[in-house]
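Let me begin by presenting the structure, written as structure tokens, before commenting on it.
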Amino acid sequence: MKIHWQNERLIVAEGDITRFDGDAIVNAANKSLLGGGGVDGAIHRAAGPELLEACRELRAREWPDGLPVGEVAITPGFRLPAAYVIHTVGPVYAKSEDRSELLANCYRNSLRVAAERHFSRLAFPAISTGIYGYPADAAAGIVSDVMRELLPALPGLEVTLMFFSAADAEVYLRHA
Ligand code: AR6
């Protein structure tokens, strides 16, 4: 991973989140929790089939109708370097409706779970900015607001925002 910017609590980096070695990575999943393309597909491939099995159990036990947008569910990371995966579902971007609170909730709820479990290193991908079409600059503003709002209250946690390209990391830094 290449670091583009950092302070004591927040790292803006470029790289493959499946390689992140920390307490948890966040997955930009879909309601089904049963895998998909993008970062979700990459995480399932790297974690191995046990992850799909754990997600099926989560569905059966806790989320029979699927995981609602903005909510989170946690599984082990299995073959990933990260110990856990926090699965969340971002909103599909819509010009006609402001879904920024839903996107913020993905980040807020993931941070809450990380704090509850006393995690010290957590990495996020740029939720909703791929297949779900959220403009990277709009998402950047939402994410940086959440980090400004919540990180001061979570002193033991270091957050990495892991962008897939240098261009995406730079967009974040311009709009944050
Ligand atoms: N590491 C870090 N970032 C990545 C990686 C990776 N290995 N792979 C992709 N990205 P997306 P969404 C970036 O489409 O928009 C799936 O099918 C990517 O460049 O993965 O929330 C799910 O099952 C982009 O910036 O997630 C859902 O159906 C960001 O991750 C749907 O896609 C998010 O892109 C969710 O769409």
Side-chain angles (χ1 to χ4, degrees), residues 1-5 10-49 51-56 58-59 63 65-75 77-82 84-95 97 99-110 121-144 146-147 159-176:
M1 104 180 178
K2 181 180 172 203
I3 294 176
H4 283 249
W5 179 90
L10 187 65
I11 297 173
V12 176
E14 167 197 346
D16 179 354
I17 202 166
T18 66
R19 312 280 288 274
F20 181 81
D21 191 357
D23 298 292
I25 61 174
V26 175
N27 182 16
N30 60 63
K31 193 176 161 61
S32 82
L33 288 178
L34 302 179
V39 73
D40 191 9
I43 289 172
H44 274 269
R45 275 193 301 278
L51 181 60
L52 183 57
E53 200 39 54
C55 287
R56 283 193 207 286
L58 267 179
R59 281 293 305 276
W63 300 103
D65 299 326
L67 187 67
V69 176
E71 289 289 337
V72 296
I74 189 165
T75 64
F78 299 103
R79 301 178 200 183
L80 290 166
Y84 291 91
V85 179
I86 298 174
H87 305 264
T88 189
V89 184
V92 175
Y93 180 70
K95 270 193 183 144
E97 190 181 79
R99 297 183 175 167
S100 54
E101 277 301 300
L102 292 169
L103 184 57
N105 284 343
C106 294
Y107 287 86
R108 291 186 186 119
N109 286 323
S110 298
R121 294 188 67 225
L122 172 69
F124 285 96
I127 300 166
S128 285
T129 66
I131 292 164
Y132 281 178
Y134 223 98
D137 53 353
I142 294 161
V143 175
S144 72
V146 170
M147 296 303 151
V159 170
T160 299
L161 302 178
M162 188 73 82
F163 293 94
F164 208 33
S165 68
D168 289 345
E170 293 303 324
V171 167
Y172 178 83
L173 289 172
R174 269 204 307 279
H175 292 270

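Along the sequence shown, the residues carry numbers beginning at 1. Note that the structure is a prediction, hence the values are computed from the model and not measured. Remember, it's 1-based here, ligands and their atoms both numbered in the order they're listed.
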**Prompt:** Where the closest heavy atom to atom 25 (O) of ligand 1 is concerned, which of Thr129, Asp40, Val89, Leu34 has it?
**Reply:** Thr129

**Message:** Would Gly130 count as being in polar contact with ligand 1, using the rule that some N or O on each side must be under 3.5 angstrom apart?
**Reply:** yes

**Request:** Could you say whether the N/O atoms of Thr18 and ligand 1 ever approach to under 3.5 Å?
**Result:** no

**Asked** Looking only at distance, does Val39 have an N or O less than 3.5 Å from an N or O of ligand 1?
**Response** yes

**Request:** Return the option from Gly38, Ala123, Gly37 holding the heavy atom at the smallest distance from atom 16 (C) of ligand 1.
**Result:** Gly37

**Request:** Could you check which of Ala46, Gly36, Ala136, Ser128 puts a non-hydrogen atom nearest to atom 12 (P) of ligand 1?
**Result:** Ser128

**Message:** Applying the side chain to side chain contact (heavy atoms under 4.5 Å, CB included) criterion to Leu122, which one of Ile25, Thr160, Asp23, Val26 satisfies it?
**Reply:** Val26

**Message:** Side chain or backbone, does Ala29 bring an N or O within less than 3.5 Å of an N or O on ligand 1?
**Reply:** no

**Asked** Gly90 near ligand 1, heavy-atom distance under 4.0 Å?
**Response** no

**Message:** Below the 3.5 angstrom mark, is there an N/O of Gly133, backbone or side chain, next to an N/O of ligand 1?
**Reply:** no

**Request:** Look at ligand 1 and say whether Gly41 reaches it with a heavy atom at a distance under 4.0 Å.
**Result:** no

**Exam field: side chain Thr129 to backbone Ala136, donor-acceptor pair closer than 3.5 Å** = no

**Request:** Could you check atom 31 (C) of ligand 1 against the protein and tell me its nearest heavy-atom contact, residue, atom and distance included?
**Result:** Tyr132 CE2, 3.5 Å

**Asked** Tell me, which protein residue and heavy-atom name are nearest atom 14 (O) of ligand 1, and how many Å apart are they?
**Response** Ile131 N, 2.8 Å

**Prompt:** Angle class for the Tyr134/Tyr93 ring planes (parallel below 30°, perpendicular above 60°, tilted otherwise)?
**Reply:** perpendicular

**Message:** With respect to Ala28, determine whether any N or O atom, backbone or side chain, lies less than 3.5 Å from an N or O atom of ligand 1.
**Reply:** no

